[in-house]
Each structure stands twice: as C-alpha cells, then as structure tokens.
Student: 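To start, I am sharing the structure in question, which I have written as structure tokens.
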2 protein chains.
Amino acid sequence: MILDSETKATEHSEDHGDELRLWLRLLTCTNLIEGEVRRRLRERFDVTLPRFDLMAQLDKVPDGMTLSDISKRMMVSNGNVTGLVERLVESGHLDRRTSETDRRVQVIRLTRTGRAEFRKMAAEHELWIASIFADLSAKDVQDLMRLLGKTKVSARNATQRKA
Amino acid sequence: MILDSETKATEHSEDHGDELRLWLRLLTCTNLIEGEVRRRLRERFDVTLPRFDLMAQLDKVPDGMTLSDISKRMMVSNGNVTGLVERLVESGHLDRRTSETDRRVQVIRLTRTGRAEFRKMAAEHELWIASIFADLSAKDVQDLMRLLGKTKVSARNATQRKA
DNA sequence: AACAACAATTTTAGGCTTGAAGCATTTCGC
DNA sequence: GCGAAATGCTTCAAGCCTAAAATTGTTGTT
C-alpha cells in the first residue's frame with residue numbers, strides 16, 4: 001500500500017489547493033478581459049458593458065422582450081434591469097411599451113438607431129475578443145470550451161445540492 | 001488548393017464566432033461561481049466577497065500592507081480600497097495606522113479577531129470551491145490551469161499592443 | 001363578484017466600483 | 001534650500017448590483 005497516503009482521502013483536511021488556484025486564475029483571467037472590454041466600450045462608444053449586454057439580448061429577437069425575460073437571460077436581478085432600461089430609453093436606444101394583453105408587462109425593443117449602433121459596436125467587439133484570444137490555437141479554444149462546459153455543469157450541480 | 005477557403009484568411013470578416021462563444025462561456029462560468037461564493041459568504045458569515053478578498057491579501061503578510069499595495073494586489077482602484085478598509089476597521093477586523101517614516105502612508109493589518117475570523121471563513125471557502133469543481137478530474141484541472149495561463153498571457157499581449 | 005394566490009415590475013437601502021479631481025507629504029533637480 | 005514633480009490617499013459623482021418590500025394587475029375558486 002505504498003500509494004496509500006497519496007490516493008486515499010484522509011478523513012479531514014484533503015488538499016484542495018489546486019482547485020483554489022484554478023478558481024483564482026479563472027477569476028483573474030475573466031476580470032482582465034472584462035476590464036479591457038469595459039474600457040474599450042467606454043472609450044470607443046461611450047457605453048457600459050451592462051448596456052451593451054442588454055442590447056445584445058434584444059438584438060437577437062425581432063419583437064422585443066419583457067423585463068423578466070431580459071433579467072432571466074442576463075442572469076441579473078429584476079430591479080437591475082429596470083434601471084438599465086430606463087437609461088437606455090432615455091438615450092434613445094430602447095423603446096418600451098406596456099403590453100396590450102397584460103398591463104403588468106413591459107415590452108422592450110431596440111429602436112432603429114439603437115439596433116444600428118449596437119451592430120456597429122458588436123462588430124468591433126468581436127474583433128477585440130478575437131485579438132484577446134489570438135495566441136490560442138483552434139484546438140486550445142475547443143479544449144477550453146469543453147473544459148469550461150464541464151465546469152459549468154459541475155458548478156451547477158454543486159450549487160443545487162448546496163453541498 | 002482544395003483547402004484554400006478553409007485555411008486562408010479572407011481579407012476581411014474572418015469568422016471569430018468561436019472566440020466570442022468562448023468568451024461568453026468563460027464569463028458565464030465565472031459569474032456562476034462568483035455569484036455562489038458571494039451568496040454563501042453572505043449567508044454563512046455575513047461578509048461580502050470584496051471584504052473577504054481584502055482580508056485574504058492581508059492574511060498572507062504578517063506585518064500589514066499599505067493601501068497602494070492592497071489596491072495593486074487586488075487590481076482595483078485606490079478609492080475603492082479606502083472605503084473597503086473603512087468599513088472593515090469599523091467592524092473591528094482591521095487595524096489602520098499612519099506610517100512613522102512617511103506620513104502619507106497608511107499601514108493596514110488584520111486584528112487578532114479579524115485574522116481568526118478570516119481563517120475560519122477561508123477554510124470553508126476552500127471546501128466550497130472544491131465542491132464546485134468536483135466533477136473535474138485532476139487532469140482537467142491541470143489542463144484548465146495551463147489553458148487559462150495561456151489565455152492570460154494572450155490577453156495581456158492584446159491589451160498592451162492595444163490592437 | 002369577492003378573495004386569495006400568483007405574477008410582473010418598481011422602489012428602497014445598502015454596498016461595490018470607477019475615473020477624475022483634490023489634498024498632503026515626500027523626493028528630486030538644481 | 002526651494003520649487004516642481006511624484007506619490008499616497010481621500011473625496012466625489014455616476015453607475016451598477018442585490019435582496020427584500022411594496023405596488024399593480026391577473027387568474028382561479030368559490
């Protein structure tokens with residue numbers, strides 16, 4: 001049993017240092033990229049990332065979405081979306097109207113100019129992202145995709161069983 | 001030249017969809033985990049992630065750090081750290097004193113109880129992270145580590161040459 | 001119709017974050 | 001030593017974000 005101390009879990013205090021380091025690296029990596037994207041959006045288009053993300057959701061559908069839909073898709077709170085939409089209506093990018101069949105719901109759409117502006121931003125944004133991942137091979141990208149997919153599933157499992 | 005249209009870059013409008021999807025997945029993954037960690041820190045210890053992170057930095061050194069050191073290590077703005085430290089001094093976790101050799105400098109330390117509380121939180125935190133990555137094999141973890149390392153370098157290159 | 005349950009949204013209080021402007025102190029160049 | 005530049009920190013305005021409470025509207029039951 002020469003491998004015992006390596007392979008067998010000691011009752012308490014296993015070593016989870018690798019997972020911790022992985023999480024820290026994942027966080028650093030994401031923050032690095034996200035910070036850069038925010039900076040460029042602000043410099044080039046004077047827009048924030050949350051606003052860009054919201055417009056991206058709306059650009060995918062022709063007929064608008066409700067606030068709840070948006071908040072689910074963006075995985076943020078309802079109240080958050082209220083404020084975001086408010087500011088984007090104010091700036092003329094979004095159009096908001098009360099549904100005729102249910103007066104509780106608000107239907108949000110991109111305006112014509114909102115959609116046009118978003119498309120311009122999205123095109124550049126895609127190039128930024130490509131340049132950020134430029135040193136990775138196609139295989140690296142696929143591998144990362146797969147491993148992050150696995151991570152997502154694992155995380156969801158963990159959060160649901162509330163271990 | 002049968003592979004030409006596949007391998008050769010057309011002058012404009014290459015396809016960067018894979019990179020974009022990778023970035024979205026990276027972001028989703030990180031947000032999922034980060035959200036869960038925030039939730040648990042709040043529920044279990046009534047502490048926020050930024051405060052936890054700040055204490056983590058201070059726990060690594062015996063003799064305290066200056067505000068600038070902290071802000072560099074955490075990669076956040078100076079003004080941000082000012083407020084964070086303020087609240088943690090208020091709650092008794094941190095001790096703050098003006099340096100004797102340079103009266104501009106504030107030296108921040110964990111108090112005895114601050115350090116004790118942090119250690120308790122950190123121990124649980126490590127278990128949460130381990131459980132979140134539980135479905136990944138040791139090799140998966142290593143592969144992710146390596147690929148994220150590569151990504152970090154690539155991103156830094158891209159942000160520095162400001163492509 | 002009345003009433004309870006539910007659903008969509010807004011409001012509120014508190015905290016995080018940034019970039020820019022401002023203040024105090026130190027250091028550098030002369 | 002003196003003024004200018006640099007450094008460390010704080011303040012400020014604006015925006016983002018959340019959870020929880022409040023508001024408004026709909027639906028199902030009796």
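Chain naming here is simple, since letters A, B, ... match the order of the sequence lines and numbering starts at 1 in each.
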Student: Would you say the side-chain atoms of A:Arg109 pair up with the backbone N or O of A:Asp63, donor to acceptor, closer than 3.5 Å?
Tutor: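 Pair found, side chain donor or acceptor close to backbone of A:Asp63.
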
Student: Nearest whole angstrom, please: distance from the C1' of D:dC9 to the CZ of B:Arg97.
Tutor: 18 Å

Student: Locate the shortest heavy-atom distance separating B:Ser68 from B:Asn78; write the atom from each residue and the value.
Tutor: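 Heavy atoms only, the tightest pair is CA-OD1, 4.1 Å.
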
Student: Taking atom P of D:dC16 as reference, at what distance in whole Å does atom CG of A:Asp53 sit?
Tutor: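 Value for this atom pair: 11 Å.
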
Student: Rounded to the nearest angstrom, tell me the gap between atom CG in A:Leu49 and atom P in C:dG19.
Tutor: 14 Å

Student: Let me see the working for A:Glu124 and A:Met121 under side-chain contact (heavy atoms from CB on, under 4.5 Å), right down to the final yes or no.
Tutor: CA-CA 5 Å; A:Glu124 270 201 47; A:Met121 294 191 280; over 6 Å; no

Student: A:Asp46 CG to C:dT18 P: how many Å, rounded?
Tutor: 18 Å

Student: Indicate, with a heavy-atom threshold strictly under 4.0 Å, whether B:Arg38 touches base, sugar-phosphate, or nothing.
Tutor: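 Nothing, no heavy atom under 4.0 Å.
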
Student: Might you work through the side-chain contact (heavy atoms from CB on, under 4.5 Å) test for B:Lys152 and B:Leu148, ending with a clear yes or no?
Tutor: CA-CA 6 Å; B:Lys152 209 161 80 179; B:Leu148 288 173; over 6 Å; no

Student: Sugar-phosphate means primed atoms, P, OP1 and OP2; the rest is base. With that split, encode nucleotides 5-15 of chain C 5' to 3' as B, S or - using protein heavy atoms under 4.0 Å.
Tutor: --BSBBB---S

Student: Could you check if a side-chain atom of B:Asp18 sits within less than 4.5 angstrom of a side-chain atom of A:Phe133, using non-hydrogen atoms only?
Tutor: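 Sidechains of A:Phe133 and B:Asp18: no contact.
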
Student: Check the distance between D:dC16's C1' and A:Met75's CE and give it to me in whole angstrom.
Tutor: 16 Å

Student: Under 3.5 Å, is there a donor-acceptor pair linking the side chains of B:Thr66 and B:Asp69?
Tutor: yes

Student: Whole-Å distance between D:dG15 C1' and A:Glu90 CD?
Tutor: 14 Å

Student: Using a cut-off of strictly less than 4.0 Å, decide whether B:Arg103 has a side-chain nitrogen or oxygen near OP1 or OP2 of C:dA24.
Tutor: no

Student: Round to the nearest Å and state the distance from A:Leu88 atom CG to D:dG15 atom C1'.
Tutor: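 From A:Leu88 CG to D:dG15 C1': 12 Å.
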
Student: Measure the distance from CD on B:Glu36 to C1' on D:dT18 and round it to the nearest whole Å.
Tutor: 15 Å

